Amino acid sequence: MRKRKALLSITLAAAMALGTCGMTVSAEETGSAVLNVMIETPVESLDPQQATDGTSFEVIADYTDGLMQMDEDGAAVEALAESYEVSDDGLTYTFHLREAYWSNGTQVTAADFVYAWQRAVDPDIASEYAYMLSDIGQIVNAEAIIAGEMDKSELGVTAVDDLTLEVQLNVPVSYFLSLMYFPTFYPVNQEFCESCGDTFGTSPETVLSNGAFILTDYEPAATAFELVKNEDYWDADRVSLAGLSYQVIQDSQQALMSYQVGDLDITLVNGDQVEQVEDDPEFDSIGAGYLWYVSPNIDAVPELANLNIRMALTMAIDRESIAADVLKDGSKATYTAVPMDFAAGPDGSDYAEDQTRYSDVCTYDADLAAEYWAAGLEELGISELTLDMVVDADDAPQKVAAVLKEQWETALPGLTINLTVEPKKQRVQDMQDGNFELGLTRWGPDYADPMTYLGMWVTGNSNNYGLWSNEEYDAIIEECTTGDLCTDAEARWEALYDAEAIVMEEAVIFPLYTQCNAQMVSSSVTGIEFHAVALNRVYKNTVKTEE
């Protein structure tokens, strides 16, 4: 049943069209197998400076290397950077690149990184992740460039020569190296990108590979697409797979059936399916790092600007029931703005280990929720309220949204919740545009520090969907990123708790659960690396044996 035929091959003509210098690539030639992978949502963007979602990041990382990569434990280790030095004051990073090539035969150079990072902060590109270079990475002049006050050429990154990249920071950043495996920091070949114009990142012909695989079959919103092994990859000897074959399947039952008949090697399962397969040796539950939460549009919806209404909504959520009775995949009920199991403090403890820290403002208490609700309605001078919530078209979010609707309408008299189901790309766009009232969404950690979550709620951050603003909060975050606390690990940690407390007390988000991926992985497959941070799945060390 698991027997696979070689699925992928590229003819000489196709390889030349991909800019691979006449190289032919085929599963037959490598003698290895193709991994068949299920994903829940289509890729949203293959532009590394424009992509914002985990699925896009995974695929971009399949065929692109950055300066650093993750080892199996998630630590930052060298990729395109063969070595690096950090100045004594922590403000200058010098990366020495190894000899590596794009799939059109041109060498990867330091100028490719300079161009890509300048794209990331260019106001004309309007990258949502531009703040990774300014607020998070603290690269010199990034903030002013993003604000349109300086030219992008003034960014603190320099190609000293073809294989030497120098980066200047405003302040020391303890996690800077871990940012380097995040796709926003991946290189882009300027000549190729500009030759593609607006079509860059939309097809195999408009992307270049310098990584483990080469994209061979893709179009925007594709429900199936393929990659093959890059035989010219600098670390090709470690790559066993002949390629990757992705299938977008949003219906979990259909996905499980495809797995059971051998059409998939890895698939997600959820809900009642977990009970069907949890005793199967091919079943596992892996922490995915994502925090799922509800975002209220505080700025645009007067009723949600009322704190009592927001407190009623968050207090009426039975998170334990959602995790245990709806998802059933190992996901953990979460009561903090920063989820558990991804960031360790100066003493090595989990930042979010204490899930009772904010129990006075985030817990399940239907009676207290009703009191907040009554107070909020009285302040607003209304007796009933209808709110719309946008939710992804995927299976699990729809199930969660349905339960949230039931819990809220049961606990809060006079409340009606209308669910608007949208493709994820549209849902994200609506939330970014402020065209929503409530939004069921998620955030995954881009690097192993609480700031990857707390940075979202700074005034003006592109991911601060509800446009909440608090001067005290902004001041604490600034002190932790550019002030004295950025070099005092213990004091910084405590200040981050102070900032998180403000978010929770203001009910800026309603945390729901920290996602685990309940999944089936074929016994013929080993070596998939699963990470809670940045890139959830990496296939460079994956081996698949034919049965």
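What you see is a predicted model; the values in this text were computed from it and never measured.
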Candidates Ile509, Leu438, Val400 - the one meeting side-chain contact (heavy atoms from CB on, under 4.5 Å) with Val294 =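 That would be Leu438.
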Is a side-chain donor or acceptor of [X] paired with a backbone partner of [Y] at a separation under 3.5 angstrom?
X      : Y      : result
Gln138 : Val171 : no
Ser127 : Gln50  : no
Asp265 : Ser522 : no
Thr452 : Asp449 : no
Asp122 : Asp124 : yes
Asn297 : Phe436 : yes
Glu500 : Val338 : yes
Asp71  : Gly74  : yes
Thr64  : Ile60  : yes
Gln49  : Gln118 : no

Using side-chain contact (heavy atoms from CB on, under 4.5 Å), reason through Val140 and Leu155 one step at a time and then give a plain yes or no. CA-CA 6 Å; Val140 166; Leu155 186 66; over 6 Å; no
What do you reckon, is [atom1] of [X] surrounded by more than 12 foreign heavy atoms closer than 6.0 Å?
X      : atom1 : value
Asp198 : CG    : no
Lys425 : NZ    : no
Gln273 : CD    : yes
Glu72  : CD    : no

Residue pairs passing the ring pair (Phe, Tyr, Trp, His ring centres under 6.0 Å) test with at least one member in residues 35-59, sequence neighbours excluded, are Phe57-Tyr129, Phe57-Phe182
Between [X] and [Y], does any side-chain donor sit less than 3.5 Å from a side-chain acceptor?
X      : Y      : value
Asn141 : Lys152 : no
Trp457 : Asn463 : no
Ser295 : Thr441 : no
Lys540 : Tyr233 : yes
Asn189 : Glu191 : no
Ser285 : Asp329 : no
Tyr101 : Glu99  : yes
Thr199 : Thr202 : no

Mind checking the [atom1]-[atom2] spacing from [X] to [Y]? Nearest 0.5 Å is all I need.
X      : Y      : atom1 : atom2 : result
Thr267 : Asn36  : OG1   : CG    : 11.0 Å
Ile39  : Thr41  : CD1   : OG1   : 6.5 Å
Asp135 : Thr482 : CG    : OG1   : 9.0 Å
Thr420 : Leu440 : OG1   : CG    : 12.0 Å
Leu97  : Trp234 : CG    : CH2   : 11.5 Å
Ser331 : Tyr513 : OG    : OH    : 6.0 Å

Could [X] and [Y] be called an ion pair, given the rule that one side-chain N must be under 4.0 Å from one carboxylate O?
X      : Y      : answer
Arg119 : Asp47  : yes
Asp430 : Arg427 : no
Lys332 : Asp341 : yes
Asp392 : Lys424 : no

[X] vs [Y] side-chain heavy atoms within contact, under 4.5 Å:
X      : Y      : value
Arg442 : Leu291 : no
Leu419 : Leu404 : no
Asn230 : Phe213 : no
Met70  : His531 : yes

| task | Using the ring-ring contact (aromatic ring centres under 6.0 Å, His included) rule, take Phe176 and Tyr93 through it: C-alpha gap first, then chi angles, then the decisive distance, then the call. | result | CA-CA 9 Å; Phe176 187 76; Tyr93 283 73; 4.7 Å; yes
Please evaluate residues Glu58 and Arg537 with respect to the criterion salt bridge (charged side-chain N to carboxylate O under 4.0 Å, His left out), reporting the C-alpha separation (whole Å), side-chain torsions for both, the decisive distance (0.1 Å), and the verdict.
CA-CA 7 Å; Glu58 176 179 318; Arg537 300 184 297 199; 3.1 Å; yes
(request) Give the C-alpha distance, both sets of side-chain angles, the deciding distance and a yes or no for side chain to side chain donor-acceptor pair (under 3.5 Å) between Asn418 and Asp388. (result) CA-CA 5 Å; Asn418 296 322; Asp388 296 335; 3.2 Å; yes
What one should report as the nearest heavy-atom pair of Pro339 and Ala352 is O-CB, 3.3 Å
For a quick test of reading the model, state the closest non-hydrogen atom pair linking Asp65 to Leu80 and the distance between them.
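Looking at all heavy atoms of both residues, the shortest contact is O-CD1, 3.2 Å.
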Give the intermediate values and the outcome of side-chain contact (heavy atoms from CB on, under 4.5 Å) for residues Val538 and Ile528. CA-CA 6 Å; Val538 178; Ile528 300 176; over 6 Å; no
With Ser469 as partner, the option from Asp299, Asn464, Thr459 fulfilling side chain to side chain donor-acceptor pair (under 3.5 Å) is Thr459
side-chain contact (heavy atoms from CB on, under 4.5 Å) filter on Ala402, not counting sequence neighbours, yields none
In terms of the angle between their ring planes, are Phe113 and Trp117 parallel, tilted or perpendicular, with boundaries placed at 30° and 60°?
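Perpendicular.
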Are [X] and [Y] close enough that their ring centers fall under 6.0 Å?
X      : Y      : answer
Tyr293 : Phe510 : no
Tyr453 : Phe342 : yes
Phe225 : Tyr246 : yes

For this session: Name all residues meeting the side-chain hydrogen bond (donor to acceptor under 3.5 Å, both in side chains) criterion together with Glu194; count only those two or more places apart in sequence or in a different chain, and write none if there are none.
Result: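 For Glu194, the residues satisfying side-chain hydrogen bond (donor to acceptor under 3.5 Å, both in side chains) (neighbours in sequence not counted) are Gln190.
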- Item | Check against side-chain contact (heavy atoms from CB on, under 4.5 Å), Phe185 and Leu179 | CA-CA 7 Å; Phe185 293 89; Leu179 300 180; 4.0 Å; yes
**Asked** Going through the checks in order, is the side-chain contact (heavy atoms from CB on, under 4.5 Å) test met by Tyr175 and Ile136?
**Response** CA-CA 9 Å; Tyr175 46 80; Ile136 306 304; 3.6 Å; yes
